[in-house]
Every structure is written in structure tokens, then in C-alpha cells.
Amino acid sequence: MDTVQSFERGLAVIRSFGAGRERQSVSEASAATGLSRASVRRLLHTLEAQGYARRVGSSFELTARVLDLGYAFLSSLSVAQLAEPFLDTLSSATGESTSVAILDDLDVVYVARVQAKRLMTVSIGLGTRFPAYRTSLGRAQLAWLSNARVAAIWDRSDHTGTTDRTVTELDQLRDCLAEVRTRGWALVDQELELGVRSVAAPIRDGEGDVIAAVNVSTHAARTSREDIDTAIVPPLLDAAAGLSRAVTMAGSRDRKDGQ
């Protein structure tokens, strides 16, 4: 295997710091990594020279600059890649399928999804599109657009294939979007397909702009309206907040690199 041993050792020293070991002497870092004290001393001095560690008396501690290593990783990821661990956690917490979608003109496009073992009649995969106005993922994003843009999207949207619960007037949609802005999340109750309830929350970037949405889909027969409020919305909002922080961190790194 073609590896750089000194780089591996440097990473081992960085990883040796953590809870309970925020500050270490050369001997302590040597014991934690299994490396010789001479090697650890050279590596710590290198980290210090590069600004990733600082000396405190006879010990060393990492600086905030090590976060740059994580930011570099995050900045290389798309929203879809960033979403995967959050969707896994959200699906585990709710027992339901979870997704992230972006708004693309009139539709939402699914870019990440964790399918629960429970079967849904709706077939959804990456790249699946639905009219934004009648999905929770769409409304969680439409709610932050101007009235004029919402009206333009409504006028050009596909209004076929609706259920008897789907909104049929622009004013109805506007009322729904006003509710989304007030409570911070969107609920679509059997408007895309009878029996399917979906709840979504917006994902924001570092500027506060909505760039995507995350949702939980469930079946009306097993999830009551009260269940939505108590069992689904809290972990959903946690996932949206976590994803927004991850996107912000990635964006911060991008802006820093561009300076």
C-alpha cells in the first residue's frame, strides 16, 4: 500500500486528543498513540508551527484551527451527501421514510432518501419529481418565496392527478404557506396520495436562505394528527437544524477559501 507514514502518525497524534485528554504532555501523547516520544515531540512541534496545536507549560493542546480539516471535508460534500447521517437518525427516531429534496422550478426533486422497512404505495427514488405545491417538501420551500413567484409556479404547475384533499385555489395554497411560515414546518395530509401524510422543514444556508427541505412520510392509518405533533415534528426539526448547521459550516469553508 502506498502510504505516507509520517502523515499517518500526525493524524494519530491529532486523534489522541479528546474528552479527558484535551491537554497532553509528549509522554501522554506517546502512550496514547503507541509512538515513540521522539516522534510525538517532532509531530507536536510541527502541529504547533502550523497553528494546529499550542504549548501550555510542558503540555500541548489543539487549537480551533483543526476544525479546518473537518470544514474541508464538509465543503466537498453536496447537500445530499451531508444529509445521509441526519436522515438515518431521523428514520430511526420515527420509524418512517425520510427524504431531502430541492426546489427545481415547479417541482421538488428528491436528492437523498432513507426508505423505512414499511411499504408505502408511493414509489420514490432519487431524482423523483412531484409538483412542489402539493408536497410538504415543496411547501417548506415555497413558503419563503415572494407572492408573485408562488403565483407563477401555481399557474404553470401540473394540476392533474390530485386527490379530493388537494388544494385547488391559489388562495388556499397561500393560506397553507402562511401556516408554514408561522410554525416553521409544513404538513401535507393526503394531498399527494390518499393515505399518505408528510411533514417537512426547511434547510437553510449560512445566509438564512432556504436551499432544500427534509421530510418524514407516513401512512395516515398508523399516524394520527396528534402523533405528527408529538412524535415526528420534534426529531424532524432537530434534523433540519442539524443539516442547516452542516451546510453553514461547509459554506463558511468555501467563503474562507475564496478570500
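Applying the salt bridge (charged side-chain N to carboxylate O under 4.0 Å, His left out) definition to pairs two or more places apart or across chains, those involving residues 136-153 are Arg139-Glu191. Counting only residues at least two apart or in different chains, salt bridge (charged side-chain N to carboxylate O under 4.0 Å, His left out) contacts with residues 35-52 comprise Glu48-Arg55. Listed by first and then second residue, the side chain to side chain donor-acceptor pair (under 3.5 Å) pairs involving residues 159-170 are Tyr133-His159, Asp158-Thr160, Thr163-Thr166, Thr168-Gln172 (not counting sequence neighbours).
The salt bridge (Lys or Arg N to Asp or Glu O under 4.0 Å) check on Asp105 picks up Arg156, with sequence neighbours excluded. Judged as a side-chain contact (heavy atoms from CB on, under 4.5 Å), and not counting sequence neighbours, the contacts of Phe86 are Leu243, Ala246. For the side chain to side chain donor-acceptor pair (under 3.5 Å) test, no residue two or more places apart in sequence or in another chain qualifies with Ser30. Shown here are the side-chain contact (heavy atoms from CB on, under 4.5 Å) partners of Ile102, two or more places apart in sequence or in another chain: Val109, Val111, Ala212. Under the side chain to side chain donor-acceptor pair (under 3.5 Å) criterion, Gln141 pairs with no residue at all, not counting sequence neighbours. Taking the salt bridge (Lys or Arg N to Asp or Glu O under 4.0 Å) definition, one finds that Arg15 meets it with nothing, sequence neighbours left out. Applying the side-chain contact (heavy atoms from CB on, under 4.5 Å) test to Ser59 and every residue at least two apart in sequence or in another chain returns Arg23, Ser25. For Arg174, the side-chain contact (heavy atoms from CB on, under 4.5 Å) partners two or more places apart in sequence, or in a different chain, are Asn147, Ala151, Leu170, Asp171.
A salt bridge does not link Arg21 with Glu28: every distance from a Lys NZ or Arg NE/NH1/NH2 to an Asp or Glu carboxylate oxygen is 4.0 Å or more.
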Show the atom names and distances, to 0.1 Å, of all donor-acceptor pairs under 3.5 Å that link a side chain in residues 176-187 to residues at least two apart or in another chain.
residue: Arg181; atom: NH1; partner: Ala143; partner atom: O; Å: 2.8
residue: Thr182; atom: OG1; partner: Ala178; partner atom: O; Å: 3.0
residue: Arg183; atom: NE; partner: Trp185; partner atom: O; Å: 3.1

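Relative orientation of the Phe60 and His45 rings is tilted, given thresholds of 30° and 60° on the angle between their planes.
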